[in-house]
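Below is one structure, written out as structure tokens; the observations come after it.
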Amino acid sequence: MTQSYQPTASHFINGRYVEDSAGEVIEVVYPHTGAVIATLHAATPAIIDAALDSARAAQAGWAALSGSERGRVLRKAADIMRDRNRALSEIETHDTGKPLSETLVADAASGADALEYFGGLAGTLTGEHIPIAGGDFVYTRREALGVCVGIGAWNYPIQIASWKAAPALACGNAMVFKPSEMTPLSALELAEILIEAGAPAGLFNVVQGYGAVGGALVTDPRVNKVSLTGSVPTGRKVYAAAAEGMRHVTMELGGKSPIVVFEDAHLENAVSAAINGNFYSTGQICSNGTRVFVQDAIYDAFVARVAERMDGAVIGDPMDEATTVGPMVSARQREIVAGYIAAGRAEGARLVKGGAVLDGDGFYIEPALFADVTDGMSIAREEIFGPVMSVLRFTDEAEAIARANATEFGLAAGVFTNDLTRGHRVAAAFEAGTCYINAYNLTPVEAPFGGVKASGVGRENSKAAIEHYSQIKTVYVGMNDTEAAF
Ligand code: NDP
């Protein structure tokens, strides 16, 4: 029998769990079995109202603390999160289907890194002093924005919630967070942890719901900033809605990122990066390198080696720590991926390995490797968000760069080469926000993360995130008599 993961109630507002069973039902499904592991309710207008009011009420007092005081709470939350890593990982595995071998190291652990990092940074946030001719001067104050709304995707639920909450709270803001309705559980755990760590009630609230709840949040006059992690179509809608009220935004959206492998590259490392960058989290990662461009001379060897290494994949029960490939998050997502695999074959790509939908109750599909992919095929143009690697052939550097950049997306890009100058030249030429040389998909909290073009605006993580969760007030101080014309 599948264990229940029923939380105390659906929402977390003003420091406690709250229910309103009038809200639409949300069934939380374990992707390994298809069993319902929790039943929640979407937020009603009364719930949304209570969450925004409590955030507003908590924010002013929180912003009035010193940065170090705020930071202490965040760092304590990081410690609690690390202490609970296994329990949080098990929740995340049941919510998303991602194997425990991943969630133990990549989800709450990454959330804790963000809380620790921004907790450390909080005490360093200051304005500047600007001398003006004649003795006047200006100083700037770095101030909070107010109430921030966070909206998350389903692939990294607690990581996304923490990557948004940590910089927001460090800067003195309050937050109302809406997880994806497919993965609503772990954000509630973060809310509990922050209270235990000493955050005031109302500072971080979680409301559940479908897109309509997100829509109501982003248009509410009490909201000053919206940070979304989601698809490009949703990003367009949310950005437009936020613009109406001149709200600040951070948009972390989808991608179709290239990995360019030159013939002088360390082949085994490039193969490893392509495997991680396509099959980790069963391919459900925004920055995945789903267009792998490989230079002529090593093309066949590269494809053969990826196929060989795929034999080592362990597909199955995500709670077994030996498993390396879990199910997709939902039956619907698996259907989308299977549709792309069929389209790839129909459009003439060569399916070298995998791609079969597996029998059983879970939402399993084998990782798929396509060779002989050309730029116009749908599997090379559209974000699939599943374990489908497309390998494309190229001849020279200029051609590879032009083709890598010929996309509306610009989230990430990678180059593998042992030519030092070429590595930097290609990285400089990529139209992408997050680039890699001889590495791929590593996202340490110290480094800015985000996209260009349709992949988003703003940056998460690093000192750069501070710019997106605070604003500068200019204070001009007159030290001289004021002159007037008459
Ligand atoms: P969606 O865009 O479908 O949803 C994202 C979130 O927005 C969900 O919580 C969703 O709620 C909510 N939402 C939907 N419509 C609206 C609306 N009109 N107003 C406000 N909120 C709304 O993305 P997925 O959850 O399917 O996640 C996959 C996508 O996320 C992929 O494109 C992926 O590339 C991207 N992503 C980007 C990352 C990045 O950092 N750049 C990281 C991870 C994923 P509901 O689900 O209830 O509809």
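One-based numbering, in listed order, for ligands and for the atoms of each. All figures in this text were calculated on a predicted structure; none of them were measured in a lab.
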**Message:** Quick one about N205 and S54 (side-chain donor to acceptor, distance below 3.5 Å, no hydrogens or angles considered), yes or no?
**Reply:**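 The answer is yes; a qualifying pair exists.
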**Request:** Tell me the residues surrounding ligand 1, counting only those with a heavy atom closer than 4.0 angstrom, sorted by chain and number.
**Result:**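 For ligand 1, the contacting residues are I151, G152, A153, W154, N155, K178, P179, S180, E181, G209, Y210, G211, G214, G215, L228, T229, G230, S231, T234, V238, E252, L253, G254, C286, E383, F385, L411, F449.
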Count the heavy atoms of every other residue, nucleotide or ligand shown that sit under 6.0 Å from [atom1] of [X], and state whether that count exceeds 12.
X    : atom1 : value
R345 : CZ    : no
K463 : NZ    : no
N269 : CG    : yes

**Asked** Which pair of heavy atoms, one from R247 and one from T219, lies closest together, and at what distance?
**Response** NH2-O, 3.5 Å
**Asked** Run the side-chain hydrogen bond (donor to acceptor under 3.5 Å, both in side chains) check on Y156 and E92 step by step: do they pass?
**Response** CA-CA 8 Å; Y156 278 82; E92 213 68 322; over 6 Å; no
